There are 2 protein chains.
Amino acid sequence: MTSKDDASLNRKEQILDAAAALFAENGYYKTTTAKVAEAVGVTQPYVFHFFKTKEALYLAVLERAYQRILYAFTSVQAPPELLQETMGKAFIELLADHRNEILLIMMAYTTPEPVIRDHTRRQFEMIYERVLNRFTQAGIADSEQKTSNFISFGLLIAMSETLDLPYLCRWREKDSDSHQNHENHDNHDSR
Amino acid sequence: MTSKDDASLNRKEQILDAAAALFAENGYYKTTTAKVAEAVGVTQPYVFHFFKTKEALYLAVLERAYQRILYAFTSVQAPPELLQETMGKAFIELLADHRNEILLIMMAYTTPEPVIRDHTRRQFEMIYERVLNRFTQAGIADSEQKTSNFISFGLLIAMSETLDLPYLCRWREKDSDSHQNHENHDNHDSR
DNA sequence: GGTTAATTATTTATCGATTAATAAATGGAT
DNA sequence: ATCCATTTATTAATCGATAAATAATTAACC
């Protein structure tokens, strides 16, 4: 309070950051606008000066996260035979850098507000299309299955992190090429 | 009201059924005890006669669903080379017969009540162990990865159903052996 | 360059609605 | 008249949202 925080440059960003963390940890309903405000160091009604409703705040957080994940998948550069592996790594990196947002994206579909579901549906449509397009362009066989596989492991990782059940994703530790390309291991032995 | 429903034999079961449907559709927080009561045709405080808290009701619903899914996976009988496929089918069947409960199980981990998360963690531990054990006993190679794969596709299916995004799981339509055994397709070409 | 006006940033106070939970009452069957 | 199933009445807390008031910053003018 001494001389006004430097950080007050953009309160809106601060609110988005705090909201991302709280929404990711406590979900949509248990995160009150009062808690978001408190985390930023602002009064609760002030949040509504930037976001018309709580839902609008949630959607804004989601949108930012979505932009980030989409950009990450878009900017991956790798030769076709390494594309899956590299995109998997990009996802893991994103998870490390922006854990809140990534977990939020992977869990948002369970929030039963129609507007949120619609938004999430559109986001995953785009993500799916983007990944599928990249896999297809790289000449990867069965790209639709690989894309589903890729997204499904994203979901599994989110659950594993949320529940703190690391061995659900033990394959992440064992070998470094991860996230989706298990076809390498699968069938050179039928035991 | 005429002659008293025959179904009033076990109000508790009715409440569990109604709660499962409502929790699956509207989530934990947006499902009020009043709505559950109304769905059964009972007053709201009466729900608390059977379940001490709303949370206890949710956990009871979850427990019933969990028992069902665990039993389904346990009672699958198939030769080793068909085990994965058959268990996948068992899951799909369960999803058809008890959609609410299955979707609920796959989404419960996002509910931020500590008690619910603990319960869900324990449930998935058991499910993972059960599936892994069956795969291992059948001599399936890389059984840990296959188990992760199996569960991750369960999550993907849940999201696909919840968001009504069928093409996320297009592989379910294309060929009949589904849910986890993609190693068959994956690598007879590396391109 | 200091006084004032205008604009922006933020707070105080408060309302209305919802909801889980408790306790006491009713009523019929045995 | 007691036991069981169920209802009525009620409460206490929480939370999103609005409106009005105040503080702080910038801009303008003399």
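Letters go in sequence order (proteins before strands), and every chain restarts at 1. What you see is a predicted model; the values in this text were computed from it and never measured.
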### Message
Does D/dT6 have OP1 or OP2 under 4.0 Å away from a side-chain N or O of B/R11?
### Response
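Result: yes.
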### Query
For A/Y109 and A/F124, what are the C-alpha separation, side-chain angles and deciding distance, and is it a ring-ring contact (aromatic ring centres under 6.0 Å, His included)?
CA-CA 10 Å; A/Y109 76 94; A/F124 269 91; 7.4 Å; no
Please state how far atom [atom1] in [X] lies from atom [atom2] in [N], giving the value in whole angstrom units.
{"X": "A/Y29", "N": "C/dA17", "atom1": "OH", "atom2": "P", "result": "20 Å"}
{"X": "A/N26", "N": "D/dT14", "atom1": "CG", "atom2": "C1'", "result": "15 Å"}
{"X": "A/Q14", "N": "C/dA9", "atom1": "CD", "atom2": "C1'", "result": "13 Å"}

### Task
Ignoring hydrogens and angles, tell me if any N or O in the side chain of B/S148 forms a donor-acceptor pair with the backbone of B/Q145 under 3.5 Å.
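Side chain of B/S148 to backbone of B/Q145: no pair is present.
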### Query
If a stem is a run of at least 3 consecutive Watson-Crick or G-U pairs, both distances under 3.5 Å, which stems include DNA chain C?
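The stems are C:1-30 with D:1-30.
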### Cation over ring face, B/K54 and B/Y28, 6.0 Å, 45°
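Yes, B/K54 sits over the ring of B/Y28.
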### Task
Measure from NZ or CZ of B/K12 to the centre of the six-membered ring of B/F51 and say whether it is under 6.0 Å with the direction within 45° of the ring axis.
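Judged by the rule, B/K12 and B/F51 form a cation-pi pair.
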### Query
Taking everything shown except A/E13 itself, do over 12 heavy atoms lie less than 6.0 Å from its CD?
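Atom CD in A/E13 is crowded, with more than 12 foreign heavy atoms closer than 6.0 Å.
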### Task
Verify the neighbour count for atom CD of A/Q67: are there more than 12 heavy atoms of other residues, nucleotides or ligands below 6.0 Å?
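Yes, the 6.0 Å shell around CD holds more than 12 heavy atoms from other groups.
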### Message
Checking A/T111 against A/R117 for the side chain to side chain donor-acceptor pair (under 3.5 Å) test, could you report, in this order, the C-alpha distance in whole Å, the side-chain angles of both residues, the deciding distance, and whether it holds?
### Response
CA-CA 7 Å; A/T111 302; A/R117 285 230 169 129; over 6 Å; no
### Query
Can you check ring-ring contact (aromatic ring centres under 6.0 Å, His included) on A/F150 and A/F73, steps first, answer last?
CA-CA 12 Å; A/F150 186 84; A/F73 288 160; 5.3 Å; yes
### Task
May I ask you to list the residues of residues 41-61 of chain B, by number, that have any heavy atom positioned under 4.0 Å from an atom of DNA chain C?
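Those residues whose heavy atoms fall under 4.0 Å from DNA chain C, taken from residues 41-61 of chain B in numerical order, are B/Q44, B/P45, B/F48, B/T53, B/K54.
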